[in-house]
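Worksheet: one structure, shown below.
The sequence lines fix the lettering, A, B, ..., with proteins before strands; numbering per chain opens at 1. Hydrogens, waters and symmetry mates are skipped; everything else that's a heavy atom, side chains included, is used.
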Number of protein chains: 2
Amino acid sequence: MPKEATFSRKEVLQKASAVFHQKGYNGTSMQDLVDSTGLNRSSIYNSFGSKLQLFLEALAFYQSSNNARMNKSLLGHHNASDTIKAVFELYLQDILADKDKKGCLLVNCKSEMANQEANVQSFLENNQERTLAMLEDIVYNGQMERVFNETQSASDYALYLYASLQGLRMTGILHQNEQQLRTLINTILKVIH
Amino acid sequence: MPKEATFSRKEVLQKASAVFHQKGYNGTSMQDLVDSTGLNRSSIYNSFGSKLQLFLEALAFYQSSNNARMNKSLLGHHNASDTIKAVFELYLQDILADKDKKGCLLVNCKSEMANQEANVQSFLENNQERTLAMLEDIVYNGQMERVFNETQSASDYALYLYASLQGLRMTGILHQNEQQLRTLINTILKVIH
DNA sequence: CTATATTTGAAACGTTCATTTCATTCATTA
DNA sequence: TAATGAATGAAATGAACGTTTCAAATATAG
């Protein structure tokens, strides 16, 4: 039997996604990835194929850990109003923790590569669909509970919330005043109540 | 007397900003700029200094032509409600015209470089301040006209509109359904009415 | 212990990067 | 028309790029 890999794939992806997050895809060199992951150049190519494939895996890793965090946070809330607040609270915490103004990796990626790499584009389209579905579900529940506005459809409000989350995340890069951001979130959420 | 420059600086900046918009800063090579501007490599360095300085000038050019377009559009409207609608309409037209999913150069730039280049960051902070001031002015007028909501301050609503514009622009990259985007804009604007 | 299959390290691959150099071309004006 | 000085073209700079190569090291199973 051969020698087995000594590194944890998840740890490598975590470190790789941190570098991509910090510097962007085009701004990250293979040397950056070697340095940050601690892996040998050859090992990266053996295990991940290419810089682009490693990026795609790092993207998926980032997405799934974000999803896990999101689901964990949502579990605690049993009405739609609290649930949607928790979603925005999670984004707010990301913003406040993002002292070096990196923004969201997925949003950055959309800016940088949606028009360049077909694989990245379809990944992002998929991500968008799933996020919209999640939001629509929350809104739908809220409307059933009679706590959310019913003048527009759940899917209309889902798109509104999706755009608002992206706007909040982008705004938060250069505007990290917690109180003003909280006010902003309240303003956003007024529409659906 | 020496020979004078035969190229138009504005035309060069327009072409350069188009390439940067298409490929991003890190994704654009000096060769791309030579090809697209038609200028000689040496002439670019003589006239603009470096790739980064050219980028900063292209950014300023993009911003000022956007502003010019915005001002021209706003001139036609004499009440706050129509004015703010015109602002969003301009963004919508940008989105619908953006078939190759480039997004907004300024937003992309914030994603790619706000955390990397101090000059870019301060440019963007400046841009953000000016945009917020413009929006606050519109909202303030609308509140004076008694057509806008007064439960929150003009600056609160300005931040809300600023975030909404960025969210709309980001969402529009992968979601170009005009009818749904118009519904989204209506939803956004309901808050201030 | 030996054979096996893979990870690893280090060097090298050819290409492309941003930038510089410099002789030549060109439009101006004295 | 001759002197001027910027614009130009083409080549060269060295560094950095993503990727490949391959011998050496390594851990497992027989």
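Tyr25(A) places its OH atom 13 Å from the P atom of dC17(D), with the value rounded to the nearest Å. Atom P of nucleotide dA11(C) and atom CE of Met30(A) are separated by 19 Å, given to the nearest angstrom. Following rounding to the nearest Å, Gln31(A) (CD) and dT19(D) (P) show an atom-to-atom distance of 14 Å. Following rounding to the nearest Å, Leu33(B) (CG) and dT16(C) (P) show an atom-to-atom distance of 17 Å. Between the C1' atom of dC17(C) and the CG atom of Asn26(A) lies a distance of 13 Å, rounded to the nearest Å. Taking atom CG of Asp35(B) as the reference point, atom P of dC17(C) lies 10 Å away to the nearest angstrom.
Judged purely by distance below 3.5 Å, without hydrogens or angles, the side chains of Glu112(B) and Ser111(A) never pair a donor atom with an acceptor atom. Tyr160(B) and Thr171(A) share no donor-acceptor pair across their side chains, judged by distance under 3.5 Å alone.
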Would you mind writing out the side-chain donor-acceptor pairs for residues 69-77 of chain B within the sub-3.5 Å range, not counting sequence neighbours?
unit_1: Arg69(B); atom_1: NH1; unit_2: Asp94(B); atom_2: OD1; d: 3.4
unit_1: Arg69(B); atom_1: NH2; unit_2: Asp94(B); atom_2: OD1; d: 2.8
unit_1: Arg69(B); atom_1: NH2; unit_2: Asp94(B); atom_2: OD2; d: 2.9
unit_1: Asn71(B); atom_1: ND2; unit_2: Asn67(B); atom_2: O; d: 3.3

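For the salt bridge (Lys or Arg N to Asp or Glu O under 4.0 Å) condition, the pairs that include at least one residue of residues 157-175 of chain A, sequence neighbours left out, are Asp98(A)-Arg169(A).
Within residues 39-52 of chain A, the residues that place at least one heavy atom under 4.0 Å from DNA chain C are, in residue-number order, Asn40(A), Arg41(A), Ser42(A), Ser43(A), Asn46(A).
Salt bridge annotation for Glu89(A)-Arg182(A): present, with a cationic side-chain nitrogen under 4.0 angstrom from a carboxylate oxygen.
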**Study point:** Audit row: Gln121(A), Glu125(A), side chain to side chain donor-acceptor pair (under 3.5 Å) steps and yes/no
**Key:** CA-CA 6 Å; Gln121(A) 182 179 330; Glu125(A) 281 169 350; 3.1 Å; yes
